[in-house]
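The structure appears right after this line, and notes come after that.
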Amino acid sequence: MFTNGQLIFGILFAVVFAVIIIYSYRKDLKLHRKYYKGSIWILLAFIAFILMISAVKYIFI
């Protein structure tokens, strides 16, 4: 399905990408705390809304 070179490239790409994302997040952590304070409530509301839609779907079908 994939050659060894493609698998190695895919794995290395995923690892390097994850490291860069983690480094960028750590670097901007102070800004995230300042500008996105309270955004956890929006995430929780969104998850609750999706769960409510799923519950309604399974109750009425």
Side-chain angles (χ1 to χ4, degrees):
M1 187 153 128
F2 293 111
T3 65
N4 284 340
Q6 288 173 325
L7 288 174
I8 292 170
F9 174 78
I11 291 169
L12 286 176
F13 181 84
V15 168
V16 170
F17 183 78
V19 167
I20 290 171
I21 293 297
I22 290 169
Y23 173 74
S24 297
Y25 179 77
R26 295 275 184 199
K27 185 175 141 190
D28 294 337
L29 193 56
K30 289 181 184 178
L31 291 176
H32 291 303
R33 287 185 181 148
K34 179 180 177 182
Y35 291 115
Y36 299 114
K37 187 188 309 184
S39 62
I40 188 73
W41 297 111
I42 295 171
L43 175 65
L44 292 175
F46 181 73
I47 292 171
F49 180 72
I50 297 298
L51 290 174
M52 183 182 68
I53 289 174
S54 299
V56 168
K57 176 184 174 186
Y58 287 113
I59 289 172
F60 291 114
I61 290 182

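The figures here come from the full heavy-atom set of this structure, side chains too, leaving out hydrogens, waters and symmetry mates.
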Using a 3.5 Å cut-off and no angle test, enumerate the donor-acceptor pairs between side-chain atoms of residues 3-23 and protein atoms at least two apart in sequence or in another chain.
residue, atom, partner, partner atom, Å
Thr3, OG1, Gln6, N, 3.3
Gln6, OE1, Thr3, N, 3.0

Tracing side-chain contacts under 4.5 Å among Ile, Leu, Val, Met, Phe, Trp and Tyr outward from Trp41 reaches Ile40, Leu43, Leu44, Ile47, Leu51
Students should find that the hydrophobic cluster of Tyr25, defined by side-chain heavy atoms under 4.5 Å apart, otherwise consists of Leu29
Across all chains, not counting sequence neighbours, the side-chain contact (heavy atoms from CB on, under 4.5 Å) partners of Ile53 are Phe49
Hits for side-chain contact (heavy atoms from CB on, under 4.5 Å) against Tyr36, two or more places apart or cross-chain, chain-then-number order -> His32, Ser39
